[in-house]
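Throughout, a chain's letter reflects where its sequence line sits, starting with A, and its residues are numbered from 1. Just the heavy atoms: all of them, side chains too, but no hydrogens, waters or symmetry mates, feed the values below.
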Amino acid sequence: MEIIKAIRGVKDILPEETSKWRFIEETARRWASLYGFQEIRVPIFEMTALFARSIGASTDIVEKEMYTFQDRDGTSLTLRPEGTAGTVRAYIEHHRAAQPTPQKFFYTGPMFRHERPQAGRLRQFHQFGVESFGMADPRADAEVIALLWHILHDLSLPALALEINNLGSVEDRASYRPSLIEYLRTVVERLCANCQRRITTNPLRVLDCKVASCQEATQSAPRLNHYLSEKSHCYFSAVLKGLDDLHIPYQLNHRLVRGLDYYCLTTFEVTSTALGAQNAVGAGGRYDGLVEALGGPPTPAVGFAMGLERIALLVPEKLFSSSVQRVLVYVAGFGSSGTAAGFSALDDLRRGGISAVSDFRATSLKAHLRQADRLAAHFTLILGDDEVAAGVGILRNMDTKTQHSVSLASLRQDVSALIAPC
RNA sequence: GUGGAUGUAGCUCAGUUGGUCAGAGCGCCGGAUUGUGGAUCCGGAGGUCGCGGGUUCGACACCCGUCAUCCACCCCA
């Protein structure tokens, strides 16, 4: 029989790794709560139009990376490729703008993009992200960046760098675009095929191209920087000042353009050189027009998302206890009456709040003790026919090898008394 | 979507120019110890050599195709 294997690009997180994942998630939650962000849980799939409208119809994500399928009535649904769209949808749908308090959310969960898997890139991957709604204040940007920075540092990730750029307002980019396009046309033959296409589809991205010839060709391209309004300039300066005030080191990168259409003004990215080609650990930016574009009231907003798999690749092993949890009591029931007595004893202990396990495959005391040893049990409750006949069990301390008789009639109490120190 | 590398036992890997090459270590199960774990010794189970074709007297090895994994491009978290 042909075995069914997991889908390409998805991964099982096995028990050996879940403690690391819990550690990462708990660290992120703790910091987000500290900053006043509250957890929001939104659906894993949404109407396709939501993503097309928010992420941008001509982005790679929407053009070729979405898991889209038809519902039974024919409506087009899509597995979420990122978390912002759904969060914004929920924000609008539940009229959160009318709430008197700041609406700051965090979320975590799986995202889906149909890409070719490689180091640090999967088709189902996990993100932890935050969205801060309603505050058009540079401190909101700095706050979100600070949160990202502190989470990553608390996790002791190596070789981190924060890059930041000012994308300006929609109007700024509208005035810049024609000059950039005009310039790109003069160097079109020096650009890679991809970038030649981008001139019409997404000229800003040409600046972010990694191909060396493109980098050179755009060396003297007009800078968005020079087209920014006074307002945009001031705003960005204030964000940088905020980062300075919080002692967060950053590097300006005027080429940094994010892949999602909704960003404006502040965009940022934290990378690690300890990763492979996919070196972005977390990234985000401001998206002031998105809520309105999706039918909500004009609402400034800023947020970030971080890739949990990439973080998991970087977290030092020492930080969390990866050792499998020790078993408290192993119950070794064997023999014609001991087997049944052991099964009952297991239940008895558990109902008394004492963690207990057994291996039903073992039929001899030797096999039971071997399993108890492998499970690193503190104690083994030995229940053979002789013990059952006498109405007792033998509680063996696996470390000291000392054994005490316990009464089956008062099993919980007797065992509790003996295991007290553990 | 494109390119490169790699697919042999549960795991890590040997396998010489196609001719006992179906192997090792670890792990697993059992015995030595008729009811006391970890060590040691002995024994045992476990593999359509990714899959499908082809070349050949003969293929784990060579050729073609295919699938999967990894890495890179692209893109992004």
What nucleic acid atoms does [X] come within less than 4.0 Å of, heavy atoms only: base, sugar-phosphate, or nothing?
X         : value
Ala372(A) : nothing
Ile382(A) : base
Gly276(A) : sugar-phosphate
Glu82(A)  : nothing
Leu122(A) : base
Met398(A) : base
Lys401(A) : base
Phe128(A) : nothing

Name the closest nucleotide to the [X] side chain, picking from [options].
X         : options                : result
Gln127(A) : C70(B), U36(B), A77(B) : A77(B)
Lys11(A)  : G30(B), C70(B), U36(B) : C70(B)
Asn279(A) : A77(B), C76(B), G37(B) : C76(B)
Ala277(A) : C74(B), A72(B), G35(B) : A72(B)
Gln278(A) : U36(B), U69(B), C76(B) : C76(B)

Discussion item. I'd like to know if Glu39(A) pairs up with Arg29(A) as an ion pair, taking the criterion as any Lys NZ or Arg NE/NH1/NH2 lying under 4.0 Å from an Asp or Glu carboxylate oxygen.
Written reply: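 Salt bridge: yes.
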Item to complete: Give a yes or no on whether a salt bridge exists between Asp154(A) and Arg30(A), defined as a side-chain N under 4.0 angstrom from a carboxylate O.
Response: yes
[X] [atom1] to [N] [atom2]: how many Å, rounded?
X         : N      : atom1 : atom2 : result
Ile7(A)   : U69(B) : CD1   : P     : 11 Å
Ile145(A) : A77(B) : CD1   : C1'   : 16 Å
Asp60(A)  : U2(B)  : CG    : P     : 16 Å
Arg116(A) : C71(B) : CZ    : P     : 12 Å
Arg113(A) : C74(B) : CZ    : P     : 17 Å
Leu381(A) : U36(B) : CG    : P     : 17 Å
Phe334(A) : U36(B) : CZ    : C1'   : 8 Å
Gln371(A) : G35(B) : CD    : P     : 18 Å

Does any nucleotide pair with [N] by Watson-Crick or G-U wobble geometry, both distances under 3.5 Å, and what is it?
N      : value
A32(B) : U40(B)
A22(B) : none
A9(B)  : none
C62(B) : G54(B)
A14(B) : none
U2(B)  : A72(B)
G27(B) : none

Worksheet item: Does Leu184(A) reach the side chain of Pro203(A), with side-chain heavy atoms less than 4.5 Å apart?
Response: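 Yes, side chains in contact.
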Worksheet entry | Upstream residue (5' side of RNA chain B) when His114(A) and Val281(A) are each assigned their closest nucleotide | His114(A)
Response to the item:
Heavy-atom nearest nucleotide on RNA chain B taken for Gly384(A) and for Arg121(A); more 5' hit belongs to Gly384(A)
Whole-Å [atom1] distance, [N] and [M]:
N      : M      : atom1 : answer
G25(B) : A14(B) : C1'   : 10 Å
G7(B)  : G65(B) : C1'   : 16 Å
A24(B) : A9(B)  : C1'   : 11 Å
C11(B) : U56(B) : P     : 36 Å
G52(B) : U12(B) : P     : 23 Å
U40(B) : C26(B) : P     : 9 Å
C63(B) : U17(B) : P     : 14 Å
C57(B) : G18(B) : C1'   : 12 Å

Item to complete: Could you label the plane-to-plane angle of the Tyr287(A) and Phe133(A) rings as parallel, tilted or perpendicular, counting under 30° as parallel and over 60° as perpendicular?
Response: perpendicular
Worksheet item: Between Tyr67(A) and His114(A), how do the two ring planes meet: parallel, tilted or perpendicular, split at 30° and 60°?
Response: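 Tyr67(A) vs His114(A) ring planes: tilted.
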Worksheet item: Around atom CE of Met135(A), are there more than 12 heavy atoms of other residues, nucleotides or ligands at under 6.0 Å?
Response: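 Buried by this count: over 12 neighbours within 6.0 Å.
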Worksheet entry | CD/Glu63(A): more than 12 non-hydrogen atoms of other groups inside 6.0 Å | yes
Please determine whether a side-chain nitrogen or oxygen atom of [X] lies at a distance below 4.0 Å from atom OP1 or OP2 of [N].
X         : N      : result
Gln118(A) : A72(B) : yes
Arg8(A)   : U69(B) : yes
Lys366(A) : A32(B) : no

Worksheet item: According to the 5.5 Å centroid and 30° plane-angle thresholds, does Phe125(A) stack upon the nucleobase of A77(B)?
Response: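 Yes; by the centre-distance and plane-angle rule, Phe125(A) counts as stacking on A77(B).
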Worksheet item: Out of Asn253(A), Leu243(A), Asp141(A), which one pairs with Ile164(A) under the side chain to side chain contact (heavy atoms under 4.5 Å, CB included) rule?
Response: Leu243(A)
Worksheet entry | Check: G1(B) base within 3.5 Å donor-acceptor of Glu63(A) side chain |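 In this structure, the two groups form no donor-acceptor pair.
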Item to complete: Using only heavy-atom distances, decide whether a donor-acceptor pair under 3.5 angstrom links the side-chain of Arg374(A) to the base of G37(B).
Response: no
Discussion item. For a quick test of reading the model, state the closest non-hydrogen atom pair linking Ala376(A) to Arg326(A) and the distance between them.
Written reply: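 Shortest heavy-atom contact: O-NE, 2.8 Å.
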